[in-house]
Amino acid sequence: MQTIASICTFCGVGCGLGLRVEDGRVVGVEPQPGHPVSAGQLCAKGWASGFAIDTGNRLRMPLIKEHGQFREASWDEALALVASEFRAALEAVGPDGVGVISCAHATNEDNYAAQKFARAVLGTANIDHCARICHSPSVAGLSRTLGSGAMTNSIADIDEAELILVIGADVTENHAMIGARMLRAQARGARLIVVDPRRTRLARLADQHVQLRVGSNIALLNGLLHIIFANGWEDRDFLACRCDNEAALRAHVRDLTPEITSAQTGVPVLALIELARAYSQARRAFIAYGMGITQFQSGTHNVIAVANLALVCGQLGRPGTGVNPLRGQNNVQGACDMGCLPDVYPGYQQVSDAAVREKFARAWGVAQPPAPGLTSLGMSEAALRGEFRALMVLGEELVVTDPDQHKLARALAALDFLVVVELTLSETARFADVVLPAASFAEKDGTFSNCERRMQLLHKAVEPPGQARADWQILAALAERMGYQGMRWANSEEVFAEMAALSPLFSAISHARLAQAGGLQWPCDEANPAGTAILHRHCFPRGRAQLIPVSQVEPDECPDADYPFCFTTQRLHFHYGGGAMTRKSPLLEREIPAGLLFIHPQDAARLGLGEAQGVRVASRRGQLETRAHLTDDVPPGTVSMPYHFREAPCNRLTSSAQDPISHMPELKACAVALTPLPPAQAPRSELERPQEAEHAGL
Ligand SMILES: Nc1nc2c(c(=O)[nH]1)N[C@H]1C(S)=C(S)[C@@H](COP(=O)(O)OP(=O)(O)OC[C@H]3O[C@@H](n4cnc5c(=O)[nH]c(N)nc54)[C@H](O)[C@@H]3O)O[C@H]1N2
Ligand SMILES: Nc1nc2c(c(=O)[nH]1)N[C@H]1C(S)=C(S)[C@@H](COP(=O)(O)OP(=O)(O)OC[C@H]3O[C@@H](n4cnc5c(=O)[nH]c(N)nc54)[C@H](O)[C@@H]3O)O[C@H]1N2
Ligand code: SF4
Ligand SMILES: [Mo]
């Protein structure tokens, strides 16, 4: 038996795994001892990684759809078809009508190849991935205020903090090893404060739980600034030496008294004052935030409001401080770093900068698209307008995870051509004309970047099933078919080397150095060869930070007479994303077997709804049936659903109202109506086809 070093394929913490291999199969998983992030531990999902590799229904061959049925095909035939369909779409509508959605579970090398394929082979700027519906407001908001969109500090900084402020993140469930670290820090004396409309496990254990109304983040954060300025609790030196625009921000919050803030947020005045004092007066205060900040139509402004608070209190640039967006997917940081975004090349080099475009045009030998492209939701909207014809999706379960499922399905159906590169025949792959089998993380070499900007090496442990290949290899083969010779890499190391040579942020990183160093945090260049654990120590990328006044924006859809409940969405510890990689594990599946709706007992009593009873949930966009779970963890008037269950897909209900800056859809708030089902009636599953029939017709 051999143990191969790898990195967990689930969340952005980036825990170190050892994959135990026997007879060419992964037979077990163990934590890597001494790993800089996970220090010899894993959460339940990490331990269940084996089921994400051998899901029992992995794709082994390319599939081509004929007369509504998939049949197996050779790579030769499948790639020829994909190439000719893209060529046809390019001829018909030009490069603006084609695009690529990349995969935040795939490696940096895969993601570099995806954006290069889009920009150099298809000649389009339409490249995006799930960061759009995750932390795109962080990238937009923090680059405007601080000059860089990633976590400012490191996970280990939690140990140094005197106060930990968690805003809109369910950390013990979703970043379990970070949650555990926060609880250890609290046990050692750090103060833990959680700002969340739901009573999460961490909120239950915290020193203070600030239970604000859904969607009132900016009102709360501005109200805290008012209290801080009114009491002289701000960091005057930091403001004077390192920030611009203080006067405008002071004026902006001058009238936002604690009474006004309390009325807007539902948080008692004394709790506001306690929070403002504790955060501003702590010597070192660490902010961590998540989807409770970003997934709103005010997402970018929410992030700016968080940054304002940290800047006013000087809680940046030192150990144990910082503004720390907890990036979600194992390599969503990397997919952004690699430029799988419509407005940046690898290393956040701007598409709008002619010199940058010229640099990539020269390096890749092809003229570059002149302007930023469409976002993922922009591509589906263009498809509905008939302007967008051919799409490649690498490992994203859009049908389960994008907002407004019916609308998304109409957009996919409107395409002339869809190719999906996946591990299994996902719900999204069922819509495809061609499905290509991808290698999982255990079947390829490469790198992932975790949420603290740490690039880490993973090693191939086993062969991919059947004829599956790494995403970068698939993209390289397709490029070749389409007559582009610039993607002939011998191995993933060469892909990385090309990327690093073009990206100043990562210029001192290579596979060889990563093997020695056990991970490197960017910026890592000639000036910082050992990487950077804490950003903005002495100055911000543009010199001074920008304080930007922002105002409260209510959710696009608020409860009314027809749809009287506020509907929000959340995650569960034992499940992941669209469920493709966790729902094959009997250990994880046993914990929570199907969809559910969390509802306060008072609301349930009013509706005559009992525990585990079926309930119909309807919004203006669709409806579904699921079971009720009565709990006072959600406030009265608000109900919540996890988004992992395709049999009860909560994104059938959610809204695609968008943040005008980042185009983040408002996944955390819409309005629903509830109707109890007769007590004996089981909720109807929304699965159009039973799971067992997955390979029928192959
Ligand atoms: N087990 C598991 N872990 C995961 C994932 C998974 O699917 N399963 N997904 C990964 C991914 S992709 C991501 S992005 C991360 C996300 O991790 P989190 O950011 O923790 O995501 P959520 O649980 O969706 O939302 C966080 C919290 O926001 C709260 N919230 C809702 N509205 C508001 C509001 O108006 N204000 C505030 N302050 N809070 C609000 C919700 O109650 C919830 O507790 O998790 C990653 N880890
Ligand atoms: N209502 C609601 N909706 C949400 C959210 C929410 O909080 N509420 N959260 C949003 C967020 S933050 C996110 S990030 C998205 C996540 O949405 P997605 O990214 O769509 O979801 P996942 O299930 O994590 O993963 C997608 C697929 O990646 C495939 N995959 C894994 N590894 C590889 C690989 O190496 N190569 C290839 N080609 N494929 C691979 C898996 O088989 C899986 O089907 O969901 C969003 N949707
Ligand atoms: S905390 Fe995240 S990275 Fe670590 S084992 Fe759990 S899912 Fe994997
Ligand atoms: Mo995410």
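If you read the sequence from its start, that first residue is 1, and numbering goes on from there. Order of appearance sets the numbers: ligands from 1, and atoms from 1 within every ligand.
- The nearest heavy-atom contact from the protein to atom 2 (Fe) of ligand 3 is Cys11 SG, 2.3 Å.
- To the nearest 0.5 Å, the span separating CE on Met291 from CG on Leu667 amounts to 9.5 Å.
- Between the side chain of Arg132 and the backbone N or O of Ser662 there is at least one donor-acceptor pair closer than 3.5 Å.
- Residues Thr200 and Asp196 have side chains that never bring a donor and an acceptor to within less than 3.5 angstrom of each other.
- In this structure, Glu557 pairs ionically with Arg620, as a charged nitrogen and a carboxylate oxygen lie closer than 4.0 Å.
- Listed by number with element, the atoms of ligand 2 under 4.0 angstrom from any heavy atom of Ala106 are 35 (O).
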- Query: Are Glu396 and His129 close enough, and set up right, to give a side chain to side chain donor-acceptor pair (under 3.5 Å), and what steps lead you there?
  - Reply: CA-CA 8 Å; Glu396 275 206 5; His129 73 288; 5.9 Å; no

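- In this structure, the separation between CG on Asn108 and CE on Met499 is 6.0 Å, given to the nearest 0.5 Å.
- With ligand atoms numbered from 1 in the order given, ligand 2 contributes 1 (N) to contacts under 4.0 Å with heavy atoms of Cys650.
- Proximity to Met291 (heavy-atom distance under 4.0 Å) selects the following atoms of ligand 2: 12 (S).
- Distances from atom 33 (C) of ligand 2 to the heavy atoms of Gly395, Cys103, Pro642 put Cys103 nearest.
- Nearest to atom 13 (C) of ligand 2 by heavy atom, out of Arg571, Gln295, His135, Met664, is Arg571.
- Of the protein's non-hydrogen atoms, Glu422 OE2, 2.7 Å is the one closest to atom 44 (O) of ligand 2.
- Look at Thr424 and you'll find every heavy atom at least 4.0 Å from all atoms of ligand 2.
- The residue among Asp471, Thr569, Thr294, Val420 with a heavy atom at the shortest distance from atom 37 (C) of ligand 2 is Asp471.
- At a threshold of 4.5 Å between non-hydrogen side-chain atoms, the residues Ile167 and Asn217 count as touching.
- Near Lys45, meaning under 4.0 Å from any of its heavy atoms, are these atoms of ligand 3: 7 (S).
- Residue Gln570 does not touch ligand 2, judged by heavy-atom distances below 4.0 Å.
- When only interatomic distances are considered, the shortest N/O to N/O separation between Leu423 and ligand 2 does not fall below 3.5 Å.
- For atom 3 (N) of ligand 2, the closest non-hydrogen atom on the protein side is Asn651 ND2, 3.1 Å.
- Counted by atom type alone, Asn111 and Ser102 present one or more donor-acceptor pairs between their side chains at under 3.5 Å.
- Tested against Tyr576 for a ring pair (Phe, Tyr, Trp, His ring centres under 6.0 Å), the candidates Phe645, Phe51, Phe10 yield a single pass: Phe10.
- By the criterion of a heavy-atom distance under 4.0 Å, both the backbone and the side chain of Cys43 are placed next to ligand 3.
- Atoms of ligand 2 found under 4.0 Å from any heavy atom of Lys668, numbered from 1 in the order shown, are 7 (O).
- For atom 4 (Fe) of ligand 3, the closest non-hydrogen atom of the protein is Cys15 SG, 2.3 Å.
- Side chains of Thr447 and Gln456: a donor-acceptor N/O pair is absent below 3.5 angstrom, by distance only.
- Between Leu674 and Leu597 the shortest side-chain heavy-atom distance falls below 4.5 Å.
- In this structure, of Lys444, His105, Arg652, the residue bringing a heavy atom nearest to atom 35 (O) of ligand 2 is Lys444.
- In summary, the atoms of ligand 3 found under 4.0 Å from a heavy atom of Phe10, numbered by their order in the structure, are 7 (S).
- Contact atoms of ligand 3 toward Gly46: 5 (S) (distance under 4.0 Å to a heavy atom of the residue).
- The option with the heavy atom closest to atom 47 (N) of ligand 2, from among Leu436, Thr401, Asn111, Thr428, is Thr401.
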- Message: Would Glu427 and Arg646 count as a salt bridge (Lys or Arg N to Asp or Glu O under 4.0 Å) here? Give the steps.
- Response: CA-CA 8 Å; Glu427 292 300 304; Arg646 56 189 180 154; 2.4 Å; yes

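- In this structure, a donor-acceptor pair under 3.5 Å is present between the side chains of Ser440 and Glu443.
- Residues Arg198 and Gln570 have side chains that bring a donor and an acceptor to within less than 3.5 angstrom of each other.
- Salt-bridge formation is not detected for the pair Arg571/Asp170: no Lys NZ or Arg NE/NH1/NH2 atom is positioned less than 4.0 Å from an Asp or Glu carboxylate oxygen.
- Below 4.0 Å from some heavy atom of Gly14 lie the following atoms of ligand 3, by number and element: 3 (S).
- At a 4.0 Å heavy-atom cut-off, ligand 2 touches Ala439 through the backbone alone.
- Within the 4.0 Å heavy-atom criterion, the part of Ala438 lying near ligand 2 is the side chain and not the backbone.
- Within ligand 2, the atoms closer than 4.0 Å to a non-hydrogen atom of Tyr576 are 24 (O), numbered from 1 in the order shown.
- Here CG of Leu394 is found 5.5 Å from CG of Leu475. Values are rounded to the nearest 0.5 Å.
- Remark: among candidates Cys8, Pro31, Ser49, the nearest residue to atom 8 (Fe) of ligand 3 is Cys8, based on non-hydrogen atoms.
- Among all protein heavy atoms, the one lying closest to atom 23 (O) of ligand 2 is Gly578 N, 2.8 Å.
- Checking Arg132, Gln329, Glu397 against atom 19 (O) of ligand 2, the nearest heavy atom belongs to Gln329.
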